[in-house]
Amino acid sequence: MNKKLNCMGMACPLPVVEAKKAIDAMEEDGILEVEVDNQTCVENLRRLAGKYDFTVASESLSDNHFLVKMEVKKEHALKGKDEGTCTVVFSSDKMGEGEEELGKTLIKSFVFALSNVDPLPTAMVFYNRGAFLTSEDSPVLADLKNLEKAGVKIMTCGLCADYYKIKEKLGVGIISNMYEIVETQMQSQKIIKP
């Protein structure tokens with residue numbers, strides 16, 4: 001079974017997300033070909049293939065046109081899975097310490113990518129300015145709702161929501177407390193903070 005994806009013009013991390021979906025949909029061994037328009041996407045796809053020990057090759061078709069081929073093995077689903085609990089902690093409504101506009105773009109990209117990984121996190125905790133990400137006017141609200149529907153527990157610090165006067169604007173998840181937030185993190189095998 002062979003599959004081709006045209007991911008030309010797609011911003012990171014969409015080509016990887018689309019490739020992962022295609023791999024998961026393949027019912028037998030085969031070749032997945034992905035067309036992308038930049039070298040960064042090529043490297044990201046090569047890392048995805050490496051995660052599953054797939055044979056991978058890439059070629060440059062022109063300055064802004066690359067083809068990545070991976071030999072997909074059906075048993076890939078058994079590799080790369082990390083059983084256990086994982087909590088993702090958001091203390092800000094942006095990612096990193098640089099320019100605010102870039103930080104807000106990065107956090108949107110991070111949450112989108114998070115909603116497409118396997119396995120999903122067990123819980124997500126939002127405190128300080130991170131509480132704005134769970135409000136009804138959040139730019140990541142749709143992805144957070146999808147994560148919640150998939151079983152991810154989403155908790156927003158009640159003290160923070162009160163402080164920023166956004167408690168009544170909660171768009172997803174529950175209002176939590178610091179005890180529950182600490183307990184959730186203590187029980188997690190892994191904690192990720194973007």
Side-chain angles (χ1 to χ4, degrees), residues 7 10-21 36 38-48 50-51 80-164 166-167 169-194:
C7 295
M10 289 187 182
C12 179
L14 278 174
V16 171
V17 169
E18 292 302 314
K20 178 70 170 69
K21 286 179 183 175
V36 293
N38 64 77
Q39 190 63 41
T40 300
C41 287
V42 171
E43 294 308 315
N44 289 337
L45 289 165
R46 290 182 73 82
R47 279 195 296 278
L48 175 67
K51 176 180 175 182
K81 302 259 183 178
D82 185 16
E83 297 302 325
T85 58
C86 173
T87 299
V88 183
V89 178
F90 295 82
S91 63
S92 177
D93 57 348
K94 62 184 179 165
M95 188 172 185
E97 300 297 322
E99 295 295 323
E100 184 170 341
E101 183 179 342
L102 175 60
K104 290 189 176 196
T105 299
L106 290 174
I107 204 74
K108 285 193 320 193
S109 182
F110 180 86
V111 174
F112 172 77
L114 192 61
S115 69
N116 286 281
V117 297
D118 183 26
L120 292 172
T122 315
M124 297 171 73
V125 173
F126 298 83
Y127 60 87
N128 209 321
R129 287 200 58 86
F132 284 99
L133 294 173
T134 60
S135 69
E136 57 193 23
D137 56 353
S138 166
V140 298
L141 189 61
D143 289 326
L144 291 179
K145 284 183 175 182
N146 288 336
L147 283 159
E148 186 177 44
K149 282 180 194 169
V152 178
K153 185 175 184 181
I154 295 177
M155 300 180 289
T156 300
C157 168
L159 184 63
C160 304
D162 281 339
Y163 181 85
Y164 290 117
I166 57 172
K167 199 172 201 174
K169 296 181 178 181
L170 185 71
V172 64
I174 62 168
I175 295 292
S176 188
N177 58 72
M178 196 54 70
Y179 181 84
E180 186 178 23
I181 288 170
V182 170
E183 185 178 55
T184 298
Q185 292 183 67
M186 292 294 290
Q187 292 172 354
S188 291
Q189 293 175 325
K190 196 183 308 181
I191 296 176
I192 297 172
K193 184 177 179 202

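Please read these numbers as outputs of a predicted model, since none were measured by experiment.
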Under the criterion side chain to side chain contact (heavy atoms under 4.5 Å, CB included), which of Leu144, Val88, Ile181, Asp93 is the partner of Phe126?
->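 When Leu144, Val88, Ile181, Asp93 are each tested with Phe126, the side chain to side chain contact (heavy atoms under 4.5 Å, CB included) holds only for Leu144.
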Answer whether the closest heavy-atom distance between the side chains of [X] and [Y] falls below 4.5 Å.
X      : Y      : result
Asn128 : Tyr163 : no
Ser188 : Thr122 : no
Thr87  : Lys153 : no
Phe110 : Ile192 : yes
Gln187 : Thr85  : no
Leu114 : Met124 : yes

Rounded to the nearest 0.5 Å, what separation is found between the CD atom of Glu180 and the SG atom of Cys157?
->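 Output value for this atom pair is 11.0 Å.
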Walk me through it: do Lys20 and Asn116 pass the test side chain to side chain contact (heavy atoms under 4.5 Å, CB included)?
-> CA-CA 9 Å; Lys20 178 70 170 69; Asn116 286 281; over 6 Å; no
State whether Arg47 and Glu43 are salt-bridged, where the test is any N-O pair (Lys NZ or Arg NE/NH1/NH2 against Asp/Glu carboxylate O) under 4.0 Å.
->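 Salt bridge: no.
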Examine the side chains of Thr156 and Thr134 and answer whether a donor and an acceptor come within less than 3.5 Å of each other.
->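 Yes, side-chain donor-acceptor contact under 3.5 Å.
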Take Leu159 and Met178 through the test side chain to side chain contact (heavy atoms under 4.5 Å, CB included) and record every step on the way to the result.
-> CA-CA 8 Å; Leu159 184 63; Met178 196 54 70; 6.0 Å; no
Fit a plane to each ring of Tyr164 and Phe132, take the angle between them on a 0 to 90° scale, and name the class: parallel (under 30°), tilted (30 to 60°) or perpendicular (over 60°).
->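 Tyr164 vs Phe132 ring planes: tilted.
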Taking all atoms of both residues into account, what is the closest heavy-atom pair of Cys7 and Glu18, and its distance?
->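 Of all heavy-atom pairs spanning Cys7 and Glu18, the closest is SG-CB, 4.2 Å.
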